[in-house]
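One structure follows; several queries about it will come next.
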Amino acid sequence: MLPLACRPPEPPRHLVILCIDTLRADRVGHLGSPIARTTPALDRLAASGVTFERAWAASSWTVPSVASLFTSRLPHRHGAGVAGEIKLLGDSSPPGGIRPGLATLAEVLQARGFATASFAANPFLYGRFRDGFEVAVTERVSAAEVVDRGLEWLAGREERRRFLYLHFMDAHEPNHPPQGYFEQFANPGAVPTPDDGRWIDPWRSVDDLADPAFLAHKDRRQAAYAAAVRYVDDEIARFLAGLARLGLRDDTLIVVTADHGEEFWEHAAIERGWGDDPRGIWGVGHGHAFFEEQLRVPLILAGGGVPDGVRSPCAASLIDVPPTAFALLGLEPEPDWQGTDLAGSFRRADPACSGRAVFAASSAYGPEGLAIRIGDEKFYRRGGQPDLRFDLARDPGEHQALAVEATAAGRRLLSLAARLEAAGGTGSAAPPLTDPALVEELRTLGYL
Ligand SMILES: [Zn+2]
């Protein structure tokens, strides 16, 4: 028997995943937010754990991206949100669901004896997204309510290991943070208008990007978003304090991430030139393009077994969360997961991990597309448009498209894109939308 000091530490017993809908990485303080004080709680959590500086969502909208998080598969494999040409417009047909037969993270953990619960404020997370959760509540409520429900569930008597999934919706439009938050981020004297936090943005098809009235709106719109992010961050601080109060903090692996980011007109000009969004919208929101503001997300791991204060340069994807979490929880991964166990990358230095390929696919609006990043090389294919390549080291804002075939990296990206497309397919039929309240929620959010 090994002496006590030589035994490997026990893995954490519990898993908590906190998903902040619509949180772009560059509004997170330690990931380079130009706006101060947006995420003090996430910054503290990252300082006590591992944060991935190059994490990508698997798509730029909720359904395919959360399905990737839940199945460790890319969108063309799990099929959710992939079926159909235009998935969110024209009629009330819902986006395709996760293919039957693919076990979700909750189903796998439940089969291995975990108690499971999900409290999700995004109305899309119904159907297969609820499978495997013994308690699954999908309701558009505030972050405070999501946190209250999560803590209440954790406080119950339960001997089994636990998996809790919380999904926060407050950073998703419409952004209406509680009183006092907007003022912390707006220019002095700015007063929010009813339009500033709306999904159907009054400037959704702006032509003059220098119009002073537009610029004032853009400032207020971003202030409303930053305020909403800070509100969620404050609630996450309250959740983490509650976890500690329950005595579970040291025995829980905590994962914080987002399903996609949000655009604030960074690529309005090129999107206007494409002119292929059936809504006639460009420049704002998400689900319509694969630029970094929509794909790059935070990914923080903290808790038992995770080292302190590691800033990982590894390329990471949401599909890597299940195998990484399982490694840290001391569980064997599912054999057919597509993601990679990243735990090894921060347990030992792995210089190759920053150059591994990560992928995104499945647009909500307009033609299908896919994006691939290898190191600082990025490839973006959008149906009906010339392929784009960017050097993210020299051009992080993605404003200078380069010739794709001019380099070996470009040719590798093309060949990867061909392989990904050849592996494509359609998803299962999603359950019919029969709940009037859910239909109304999706309509309010601009999805129907
Ligand atoms: Zn989302």
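When a ligand or atom number is given, it counts from 1 through the structure's own listing order. Just so you know, residue 1 is the first one in the sequence shown, and it goes up from there.
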Proximal heteroatom of D259 relative to the Zn ion (ligand 1) (N/O/S)
OD2
Name of whichever N/O/S atom of D21 is nearest to the Zn ion (ligand 1)
OD1
Any N/O/S of H260 under 2.8 Å from the Zn ion (ligand 1)?
yes
Enumerate the salt bridge (Lys or Arg N to Asp or Glu O under 4.0 Å) contacts for residues 38-53, please, sequence neighbours excluded, ordered by first and then second residue.
E53-R311
Sorted by chain and residue number, the side-chain contact (heavy atoms from CB on, under 4.5 Å) partners of A213 (sequence neighbours excluded) come out as W203, D211
Any side-chain heavy-atom pair of L154 and R162 under 4.5 Å:
yes
Heteroatom test (N, O or S) for T62 near the Zn ion (ligand 1), limit 2.8 Å
yes
Check: D259/T62 side-chain N/O donor and acceptor closer than 3.5 Å
yes
